[in-house]
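Encoded as C-alpha cells, the structure appears first; notes follow it.
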Amino acid sequence: MANIKCIGILTSGGDAPGMNAAIRAVTRSAIYNGIEVKGVMRGYKGLVFDEIIPFKTNSVSNIIQQGGTILKTARCKEFETTEGRQTAYETLQRENIDALVVIGGDGSLTGARIFAQEYNFPIVGLPGTIDNDLQGTDLTIGYDTALNTIMQAVDKIRDTASSHERLFFIEVMGRECGILALNGAIASGAEAAIIPERSMQQDQLADLISNGFRKSKNSSLVLVTEGDITGGAMMMAERVKKEFPQYDVRVTILGHVQRGGSPTANDRILASRMGASAIDALLDGQRNVMIGIQNDVIVYVPFSKAIKKNKPIQPDLVETLKVLSI
C-alpha cells in the first residue's frame, strides 16, 4: 500500500457538469481512508501560484447537484514550461502533498502525464470533459448532461423550425470528436449529423442534399460539430445559401449552454464512482493512470493510452441515424 498522507485535487481545462460530484467523491473517500485533502484552485495555475486550501468533509457539502467546479479552472501557460512545472513541484513539496488527482480532459491529462514523468510524482486522472473523446473509457464525466442539454435545445428548435419550414444547422461542441453531434442527432430525431470523423473522407453536405434532403418533411435539423474540420454551422449555412438557394436556412450555435447545468443522475453516479476509485488506485500504488469505465466496470487506463487522439466512432451509430432519418 502506498504511503500517502495528503492528496491535492484540481480541475483543469474546460468545465464539465459532474466535476463537483467528482471533487466531493475524491475528498470524502480520501478522508474516509485517513488521508488529508487539499484543494488546488484554478487548475495547474494554483500549483504554480500556490493557491491551495485545506478541504474537510463539509467543504464539499451540497455541491453534488451543482454544475461547473468549486475549485475553478483556468488555462495555465506557465505549467507548459519546465520552469513552471518546477515551481509547481516546489509548491507540492511545501504543502506536503504526496499525490494528485486531476479532473479534466485531454490537455489536462497530457499535462499530468508530463509532470508525473518528470518528477516521478503519483497522479491519478479522472476524465472530465463533455466531448467524450478520451480513449479507454466508454464515458467521460459531463458527457451525458451535455447530450441531454443538446437534446432539449434541439426539441425546442424543432418546434419553431416546423412552423416555418426551415433548414436549421445547429452547432454543438466536440472539436475533433463528433459523438455529441451524432448521438444528439439520434436522440432528437434530427435528419443528419456533420462530424469531423467523416469530413475527412467525404463532403457530408453534398451527400445530404443529393440524398433527397427533406423528402417528405416540412423542416430539417442538422447537427454540426464545431471546429476547423467541419467548418462549423455558419460555413455550412453559407454553402447552402450559395449552392442551394431554394432553402430557407437558419443557424443556432449552442455554445457554452452545453457545459452548464445540474448534472444528470448518470453523471453524478459516474463521477462518484470514479472519484472513489481514484483514491483506491492511489492506495493500490497506481500512478500515471486515468480512471475509466468499460462495460460498467471501473478500469485503470495508462495516461499514454487515454490521451491518444481519435477515439473511433461506432459505425452502427452512423448507420442508425441514416436509417431513421428517411
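Predicted, not measured: the structure shown is a model, and the values here were computed from it.
- Minimum heavy-atom separation, A190 to L221: CB-O, 3.5 Å.
- Between F115 and F121, the two ring planes are perpendicular [angle over 60°; tilted spans 30° to 60°].
- L139 is connected to I103 through a chain of hydrophobic side-chain contacts under 4.5 Å among Ile, Leu, Val, Met, Phe, Trp and Tyr, so both are in one cluster.
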Q) Do D284 and Y300 pass the side chain to side chain contact (heavy atoms under 4.5 Å, CB included) test, and can you show the C-alpha distance, the side-chain angles, and the key distance before you say yes or no? A) CA-CA 11 Å; D284 284 348; Y300 299 156; 3.6 Å; yes

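- Of the possible polar contacts, none joining the T160 side chain to the K156 backbone as a donor-acceptor pair under 3.5 Å is found.
- Under a hydrophobic clustering in which Ile, Leu, Val, Met, Phe, Trp and Tyr are joined whenever their side-chain heavy atoms come within less than 4.5 Å, directly or via other members, L71 and I141 fall into the same cluster.
- Screening I269, N183, D267 for a side chain to side chain contact (heavy atoms under 4.5 Å, CB included) with D144, the sole residue that qualifies is D267.
- At a threshold of 4.5 Å between side-chain heavy atoms, the hydrophobic network of Ile, Leu, Val, Met, Phe, Trp and Tyr places L100 and F55 in two separate groups.
- Heavy atoms from other residues, nucleotides or ligands lying under 6.0 Å from CZ of R250 number more than 12.
- With contacts defined as side-chain heavy-atom distances shorter than 4.5 Å, the pair K45/V48 does not qualify.
- Contact check for P312 versus Q135: side-chain heavy atoms found under the 4.5 Å cut-off.
- If you take CZ on R239 and CZ on F244, they are separated by 7.0 Å, rounding to the nearest 0.5 Å.
- Counting heavy atoms from C-beta on, the side chains of I298 and I291 come closer than 4.5 Å.
- Here L134 contributes atom CG and C177 contributes atom SG; the two are 9.0 Å apart, rounded to the nearest 0.5 Å.
- Atom CE in M274 sits 14.5 Å away from atom CD1 in I279 (nearest 0.5 Å).
- Separating the CD atom in E197 from the CD1 atom in I179 is a distance of 8.0 Å, to the nearest 0.5 Å.
- Without hydrogens or angle criteria, S220 side chain to L167 main chain gives no donor-acceptor distance under 3.5 Å.
- Cluster membership check: I97 does not share its hydrophobic cluster with V26, using side-chain heavy-atom separations under 4.5 Å among Ile, Leu, Val, Met, Phe, Trp and Tyr.
- Between the side chain of Q258 and the backbone N or O of G255 there is at least one donor-acceptor pair closer than 3.5 Å.
- Nearest heavy-atom pair, A193 versus A185, reported as atom, atom and distance to 0.1 Å: CB-CB, 4.0 Å.
- The hydrophobic cluster containing I53 also contains M19, counting ILVMFWY residues as joined when their side-chain heavy atoms lie under 4.5 angstrom apart, directly or transitively.
- Nearest heavy atom pair, residue I195 against residue A181, reads CG2-CB, 3.9 Å.
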Q: Check step by step if side chain to side chain contact (heavy atoms under 4.5 Å, CB included) holds for I70 and S59.
A: CA-CA 10 Å; I70 62 164; S59 305; 6.0 Å; no

Scan the side chains in residues 8-15 for donor-acceptor partners under 3.5 Å anywhere in the protein, sequence neighbours excluded, and list what turns up.
| unit_1 | atom_1 | unit_2 | atom_2 | d |
| --- | --- | --- | --- | --- |
| T11 | OG1 | T69 | OG1 | 2.8 |
| T11 | OG1 | K72 | O | 2.9 |
| S12 | OG | S108 | OG | 3.0 |

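- Proximity of a side-chain donor or acceptor of T230 to a complementary backbone N or O of T225 within less than 3.5 Å is detected.
- Judged by distance alone, with hydrogens and angles left aside, the side-chain atoms of K305 form no donor-acceptor pair with the main-chain N or O of G136 at under 3.5 Å.
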Q) Can Q314 and L182 be said to form a side chain to side chain contact (heavy atoms under 4.5 Å, CB included), step by step? A) CA-CA 10 Å; Q314 299 295 347; L182 187 54; over 6 Å; no

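- Y44 and A112 make their closest contact through OH-N, 3.2 Å (heavy atoms, listed as atom of the first residue, atom of the second, distance).
- In this structure, CG in N120 is found 8.5 Å from OH in Y89, a value given to the nearest 0.5 Å.
- Side-chain contact check for M290 versus F303: some heavy-atom pair is nearer than 4.5 Å.
- A distance of 3.5 Å separates OG1 of T57 from CD1 of I31, quoted to the nearest 0.5 Å.
- For the side chain to side chain contact (heavy atoms under 4.5 Å, CB included) test with V154, the passing option among L223, T149, V172 is L223; the others fail.
- More than 12 heavy atoms of other residues, nucleotides or ligands shown are found within 6.0 angstrom of CG on D138.
- Between the side chain of R158 and the main chain of G189, a donor-acceptor pair closer than 3.5 Å is present.
- No donor-acceptor pair under 3.5 Å is formed between the side chain of R166 and the backbone N or O of V249.
- Side-chain N or O atoms of E171 include none that pairs as donor or acceptor with a backbone N or O of G232 at under 3.5 Å.
- The closest side-chain heavy-atom distance from T140 to I130 is not below 4.5 Å.
- The minimum heavy-atom distance between L126 and G275, with the atom names listed, is CD1-CA, 3.9 Å.
- A 4.5 Å side-chain heavy-atom check between M173 and L254 finds every atom pair outside the cut-off.
- One N or O on the side chain of T91 and one on the backbone of T87 form a donor-acceptor pair closer than 3.5 Å.
- Under the 4.5 Å side-chain criterion, counting only non-hydrogen atoms from C-beta, D296 is in contact with I293.
- Checked by atom type, the side-chain pair R268/S262 shows a donor-acceptor distance below 3.5 Å.
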**Q.** Steps toward side chain to side chain contact (heavy atoms under 4.5 Å, CB included) verdict (V257, I150)
**A.** CA-CA 9 Å; V257 168; I150 290 166; over 6 Å; no

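- Inter-residue side-chain proximity for E78 and F49 is flagged as met; some heavy-atom pair is nearer than 4.5 Å.
- For the 3.5 Å distance criterion, the side chains of R28 and S61 qualify, holding a donor opposite an acceptor.
- There is no side-chain donor-acceptor pair under 3.5 Å between T264 and N148.
- In this structure, the side chain of N288 does not engage the main chain of P302 through any donor-acceptor pair within 3.5 Å.
- Partner V101 forms a side chain to side chain contact (heavy atoms under 4.5 Å, CB included) with one of I123, V37, V40, L282 and no other, that one being L282.
- Contact between A25 and A271 at its shortest, heavy atoms only, is CB-O, 4.0 Å.
- Counting only residues at least two apart or on different chains, the side-chain hydrogen bond (donor to acceptor under 3.5 Å, both in side chains) pairs with a member in residues 122-134 are N132-K311.
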